[in-house]
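Before I ask anything, let me first share the structure, which is written out below as structure tokens.
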Amino acid sequence: MDKVYKHQEVEKKWYSFWEKKGYFTPKINPSKKPFTIILPPPNANADLHLGHAMYVIEDIMIRYHRMLGSSTLWLPGTDHAGFETQYVFEKHLTKEGKSRFDYNREELYKMIWDFVQNNRGNMENQLRRLGFSLDWTKQVFTLDEKVIKIVYKTFKKLHNDGLLYRSKRLVNYCTKCGTGFSDLEVKYVERIDPLYYLKYGPFILATTRPETKFGDTAVAVHPSDKRYKKYVGKEFEVKGLLGDFKLSVIADEAVDPKFGTGVVKVTPAHDVTDFEMGLRHKLPMKQVIGYNGRLTDLTGPYHGMKVMAARIKVAEDLKAKGLIDHINEKYTHNVGTCYKCGNVIEPLPLPQWYVRVKPLTDPAIKAIREKSIVFTPKRFEKTAIQWLSNFHDWNISRQIVWGIRIPAWQCIDCGIESDWIVTEGNTPSSCPKCKGKNLIQDPDTFDTWFSSGQWPFATLQVNSMKNYEYFYPTSVMETGYDILPWWVCRMIMLGLYVTNKVPFRRVVLHGLVRDSKGQKMSKSKGNVINPLIMADTYSADALRMALIFGSALGNDLPMSEDKIRAMRNFTNKLWNMARFIKMNSEFIGKNNAESITFSQSSSRSKLHPDNKNILDKTDELIKSVTSDFEKYNFSRAADLLYEFIWHELADKYIESSKERLHNNDKETLSVLIYVFIQSLTLLHPFMPFITEEIKTQIDPENKMPLIITLWPEA
RNA sequence: GGACUCGUAGCUCAGUUGGUAGAGCGUUGCGUUUACAUCGCAAAUGUCAGAGGUUCGAGCCCUCUCGAGUCCACCA
């Protein structure tokens, strides 16, 4: 054996050996239990970061179940990540002094496609580099034709079942990114802004947004507010910047009589609460802010001004006209911003496709309550139910090109109010009403999560219905808790809806990887740890172990190079234990290890007490580690193995056995080899490379690689 | 306003169904005599945030208080 463990060579060698031998590709065997995990697909355009390295938890489960003898599938894929990817791509365009508006739809799509393809191979090799035993023969991309077909089918089914509707409601619109979002993509941040108290006819009312004044179509009070009862239903004259106008007073429960003066201006086109009030009271909508973030031509002299500039100008002008009673300069409130670019989200009226979620969330909640889906750690069950109970109808339209285009058409001849024609992807030949041929497709694409919400069954179905029937429902969905609502909940909803089965039986959630001080890693802070550099420097095994060791599942975990180095030292320890054993084997000569069955505790009484002791402790170890695996306590299993191998086996047993080995004690050598190999077997899911290498070094006659060795029993 | 997490060694964190407190880094010694300088061995260090309760026994279970943080919610 080399004096030094050369992890780079060894890791490369073993990965290609495993892959070539087909160990990652399970056989469909009805007499065996399947164990399935679908890899949460990384964005196809990006490099691996440390968060992705947390896939190691999945690899640990996969390797464990493979060793238990299950037909074990870990299915890889990549995500086109619609908006995320287009956003990154547009940043590249900006650097070149271009924008998306310099290209037509097809050109832009093609450019992003090429951009993504250029990066795809990287990601796959990076996953290989970390030892992930993924079945590459089944790889799927969210934009594969077969996947798109399935997504279209689901869309059509929702349409047929009346769970889909198109509505011109207020959309969370980012005027900078040029697209609408679902509620989840809005990030609320606390801001301090002026709260203006405006004079409105006989009232004084408070608003943070005087620039939307031009869109007011009523004034509202609470129905039981005695102060204003006499005004309800009446119309009154208001002095405004564009001249006087009339507003009626409505009474609505949505008004909080304790806030401000208890009177609010109602702007149905620019505020969600107001929009709903508008619906209840049949108020007209006046859109005074455009999709470009500037005031519309309904605002006279303010037309073309950006929202913030207009707000300041309007406030000044109102003040000049004596229409401001007073201003609270330091009003604290929450403002919705774009989760991506940070721009303030404008609620704007825009026709979009909505999924009626209640019929989807109810069965999802039921499945969780009935434990058809179990959460680890338990506490996330509550979070998931809370989420599912609070979902509003889901806007799945996005005004971007990078994604799956919505298969819905309208007939130009019948006009814009005509019915939508929804298909399973094929372009309709003519309008079913007027037989006209002038059909136009909705330019929008699906929210990425609409397609990735179908991932568990879609990935298996595109591989063949046989695979789907055998491996679905999948066993575990393991991912970061941060995408529980976005992804996990949607998968449960859509999985149950489309397949009538849960998409997975268990959800395992891990925390976010932080730096050594518990801070979020980011390029701007300069505290980013690159997993591939760590793997090259200290070995993939050390990195894997460092991510698991001493961290509790579901909690954020701190990571530092120190910790990875510590685990590298553990590989060094393992390597030298192996060298010690090998040296003694050669010195003592071929031993009769095979003839002694140490796994039976009854035959141990005749052994040297130290030998009996370490064998008994090995049994305990096997039991504890196995039990921890069953309880998803991977960190504890890792702790136990580390502790046993280093401080029990190396420090105590090996040290005290040196004298006996010196006297050619074959029994001791056999026990040592046996215990070490058992330890390596248990350690293999965590540190697959070094365990595989050492095992072949010290036990060359046994050609069975650890990856398919049967899990030890005590 | 609601939900959740956390508070344990100098730092960052583990701690199973309650049974004498652990790891890594750091610190301090020692060590190249049959594995281990890519280090190894050994040692020191704790009012387990605070108060009360349950218990033979509490870091762990219950209640409250204080402190840190995360997520959610259409407060103009």
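Chain naming here is simple, since letters A, B, ... match the order of the sequence lines and numbering starts at 1 in each. Everything numeric here is computed off the predicted structure, so don't read it as measured data.
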- Query: Would you say the ring centroid of A:Y64 lies under 6.0 angstrom from that of A:Y632?
  - Reply: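 Between A:Y632 and A:Y64, which both carry aromatic rings, the centre distance is not below 6.0 Å.
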
- Message: Looking only at the side chain of A:N569 (C-beta and beyond, no hydrogens), which of the listed nucleotides B:C25, B:A14, B:U16 gets closest?
- Response: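 For A:N569, the side-chain atoms sit closest to B:C25.
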
- Task: Determine the interatomic distance between C1' on B:G59 and the same-named atom on B:G7; round to the nearest Å.
- Result: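 Pairwise C1' distance, B:G59 against B:G7, rounds to 11 Å.
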
- Query: A:N576 has a side chain; which of B:G2, B:A35, B:C39 sits nearest to it?
  - Reply: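 Of all the options, the side chain of A:N576 is nearest to B:A35.
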
- Message: Expressed as a whole number of angstroms, how long is the span from A:R514:CZ to B:C13:P?
- Response: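 Rounded to the whole Å, the gap is 10 Å.
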
- Query: RNA chain B: stems of at least 3 consecutive Watson-Crick or G-U pairs, cut-off 3.5 Å?
  - Reply: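 In RNA chain B, stems of three or more pairs: B:1-7 with B:66-72, B:10-13 with B:22-25, B:27-31 with B:39-43, B:49-53 with B:61-65.
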
- Task: Between B:G24, B:C25, B:A35, spot the one nearest the side chain of A:Y642, thanks.
- Result: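 Output: B:G24.
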
- Candidate nucleotides B:A23, B:C36, B:C75, ranked by approach to the side chain of A:F549 - the nearest: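 Within the option list, the nearest is B:A23.
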
- Query: Taking the same atom, C1', in B:U65 and in B:G29, what whole-Å distance lies between them?
  - Reply: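 Those two atoms are separated by 45 Å.
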
- A:N555, nearest nucleotide to its side chain (from B:A73, B:C6, B:C39):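 Given the options B:A73, B:C6, B:C39, the side chain of A:N555 is closest to B:C6.
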
- Query: Counting side-chain heavy atoms from C-beta on, which of B:A37, B:A35, B:C74 comes nearest to A:H392?
  - Reply: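 Between B:A37, B:A35, B:C74, the one nearest the side chain of A:H392 would be B:C74.
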
- Task: Among the candidates B:C75, B:C74, B:G40, find the nucleotide nearest to the side-chain atoms of A:W646.
- Result: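 Of the candidates, B:G40 comes closest.
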
- Query: Under 3.5 Å, side chain of A:N633 to main-chain N/O of A:D628, donor-acceptor pair present?
  - Reply: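 Such a contact is absent between A:N633 side chain and A:D628 backbone.
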
- Task: With the side chain of A:T207 defined as its heavy atoms from C-beta on, choose the nearest nucleotide among B:C4, B:C36, B:A76.
- Result: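 The nucleotide sitting nearest to the side chain is B:A76.
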
- Message: Testing the 3.5 Å rule here: is there a donor-acceptor pair between the side chains of A:R506 and A:T376?
- Response: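 Their side chains do contain a donor-acceptor pair, which is all the 3.5 Å distance test asks for.
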
- Is the backbone of A:Q697 close enough, under 3.5 Å, to the side chain of A:K582 for a donor and an acceptor to pair up by distance?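 Indeed, once roles are kept as given, a pair shorter than 3.5 Å links the two residues.
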
- Name the closest nucleotide to the A:Y188 side chain, picking from B:A76, B:A35, B:C74.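 Per side-chain heavy atoms of A:Y188, the pick is B:C74.
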
- Message: Strictly below 4.0 Å: does A:K631 bring a side-chain N or O up to OP1 or OP2 of B:U16?
- Response: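 A:K631 to B:U16 OP1/OP2: no side-chain N or O under 4.0 Å.
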
